[in-house]
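Chain letters run A, B, ... following the sequence lines, proteins first and then strands; every chain starts at 1. Since the model is a prediction, treat every value here as computed from it, not as a measurement.
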2 protein chains.
Amino acid sequence: MSETGDELTDRLTEVFDLVGPLYRRAQRKVEQDAPIEGLSVGVRAVLNMLREHGPMTVPQMGRDQALSRQFVQRTTNDAAARGLVEFVPNPAHKKSSLIRLTEAGRAAITAVIDRERAVLRQIGGDLTEAEITACLRVLSRLLRLVDDVDVD
Amino acid sequence: MSETGDELTDRLTEVFDLVGPLYRRAQRKVEQDAPIEGLSVGVRAVLNMLREHGPMTVPQMGRDQALSRQFVQRTTNDAAARGLVEFVPNPAHKKSSLIRLTEAGRAAITAVIDRERAVLRQIGGDLTEAEITACLRVLSRLLRLVDDVDVD
DNA sequence: AGAAAATGACACCTTGGTTGTCATGAATGA
DNA sequence: TCATTCATGACAACCAAGGTGTCATTTTCT
């Protein structure tokens with residue numbers, strides 16, 4: 001094993017290696033948990049964005065999550081077909097309407113999030129505020145690093 | 001937004017929300033970076049496991065990364081076809097051979113990792129050892145939490 | 001007003017990853 | 001020891017996440 005760099009870099013690599021398994025297992029966990037509401041991970045992501053940021057347009061969501069515009073579009077249309085979101089006229093843009101959560105959509109995403117939070121809470125006690133803050137900072141930095149990949 | 005829980009849980013949710021985009025963008029970054037060596041993310045993962053743990057069997061790798069046995073098998077066969085890994089007889093198990101990096105395989109994965117490390121190093125300076133340690137701890141906890149999902 | 005960019009619709013494709021089945025080789029317990 | 005059960009590998013079918021390409025319409029910019 002060549003000693004090319006500093007210790008920190010090694011540790012960062014470890015972080016990266018953790019993200020993969022975590023993402024995959026979490027995804028399975030979610031889709032194994034969510035079928036009651038029938039939300040795919042895509043729909044879940046859209047609903048969650050709307051829940052946090054309020055109404056947004058499709059391209060906005062795509063940029064926000066580094067997903068292709070078309071993918072978000074499809075997902076959004078799907079969510080709309082299920083009555084989870086609705087298109088409201090965008091004063092600033094005739095063609096590109098704002099996407100807003102319906103009551104059903106809000107109920108669905110809230111239920112999912114609450115269930116996830118319940119699970120998260122079980123382990124939260126063991127971790128300190130500072131640790132989580134640090135984690136967020138590290139992940140944000142990593143995210144910003146790979147952020148220049150532009151899609152669409 | 002219902003105030004159902006503690007602050008910590010909220011922050012953990014944030015962590016989770018960061019893992020998704022990070023995984024996706026990193027994956028794209030890797031596959032956009034790695035084509036020189038021609039490694040898919042699957043092959044990359046296999047080679048990296050072998051690089052860190054030494055020779056292992058396919059099922060071992062699957063369990064380690066929470067991937068289905070068959071997926072790892074396919075990926076491994078692919079890697080073998082490209083001469084990146086080789087099957088060495090397993091004294092403890094006639095049917096299940098150990099998978100070992102070839103010289104070419106080691107060279108390939110080393111090159112990839114080194115390039116990644118170079119990128120990582122750019123931002124490493126901004127983060128402290130303690131922060132990364134905390135991040136690793138948090139992610140590990142999360143990983144353990146969703147760990148009971150068994151595949152295959 | 002005209003050119004360039006943004007949006008939506010639609011179709012196609014790639015690929016990461018799983019599931020199922022079957023045959024064979026390994027472990028286990030009566 | 002033998003029968004049963006479990007682990008492994010091969011092969012195929014399948015699914016879903018997500019991207020790409022194209023075209024028509026709408027917006028924006030100069």
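Considering only heavy atoms from C-beta on, B/Arg11 stays 4.5 Å or farther from B/Val15 through its side chain. Two residues are said to be in side-chain contact when any heavy atoms from C-beta on lie closer than 4.5 Å; A/Leu50 and A/Met61 meet this criterion. Counting heavy atoms from C-beta on, the side chains of A/Val85 and A/Val43 never come closer than 4.5 Å.
A side-chain donor-acceptor contact under 3.5 Å links A/Asn90 to the backbone of A/Ser96. Of the possible donor and acceptor atoms, one in the side chain of A/Gln60 sits under 3.5 Å from a partner among the backbone N and O of A/Thr57.
The minimum heavy-atom distance between B/Thr76 and B/Ile99, with the atom names listed, is CG2-CG2, 3.7 Å. Considering every non-hydrogen atom in both B/Leu47 and B/Gly105, the closest pair reads CD1-O, 4.1 Å. What you find for A/Phe87 and A/Ala80 is that their closest heavy atoms are CE1-CB, 3.4 Å. Nearest heavy atom pair, residue A/Asp17 against residue B/Glu52, reads OD2-OE2, 3.6 Å.
Note on A/Ala45: nothing from the nucleic acid sits closer than 4.0 angstrom, heavy atoms only. Among the atoms of the strands shown, none is found under 4.0 Å from any heavy atom of B/Thr75. Among the atoms of the strands shown, base atoms are found under 4.0 Å from some heavy atom of B/Arg74. Across all strands, B/Ser97 comes closer than 4.0 Å only to sugar-phosphate atoms, never to a base (heavy-atom distances).
For the helix from C/dA1-D/dT30 to C/dA30-D/dT1, the rotation axes defined at the first and last 5 base pairs enclose an angle of 40°, given to the nearest 10°.
Between the P atom of D/dA16 and the CG atom of A/Leu67 lies a distance of 18 Å, rounded to the nearest Å. In this structure, CD of A/Gln73 is placed 14 Å from C1' of D/dA24, rounded to the nearest angstrom. Taking atom CD on A/Gln65 and atom C1' on D/dA17, their separation rounds to 14 Å, with Å as the unit. In this entry the distance linking CZ of B/Phe87 with C1' of D/dA10 reads 11 Å, nearest Å. Rounded to an integer number of Å, the gap from OH of B/Tyr23 to C1' of D/dG18 is 12 Å. Spacing between atom NZ of B/Lys94 and atom C1' of C/dT24 amounts to 10 Å, rounded to whole angstrom units. The CE atom of B/Met61 sits 17 Å away from the C1' atom of C/dG16 (whole-angstrom rounding). The separation between B/Gln70 atom CD and D/dA10 atom C1' is 10 Å, rounded to whole Å.
Put simply, A/Asn77 has no side-chain N or O that comes within less than 4.0 Å of OP1 or OP2 on C/dG8. Taking only side-chain nitrogens and oxygens, A/Ser68 never comes nearer than 4.0 Å to OP1 or OP2 of D/dT20.
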Can you check nucleotides 4-6 of chain C for protein contacts, nitrogen or oxygen pairs under 3.5 Å, and list what you find?
none

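Annotation: of the two residues near DNA chain D, B/Gln60 and A/Ser40, the 5′-most nearest-nucleotide partner is B/Gln60.
Inspection of the A/Arg74 and A/Asn77 side chains reveals no N or O donor paired with an N or O acceptor under 3.5 Å.
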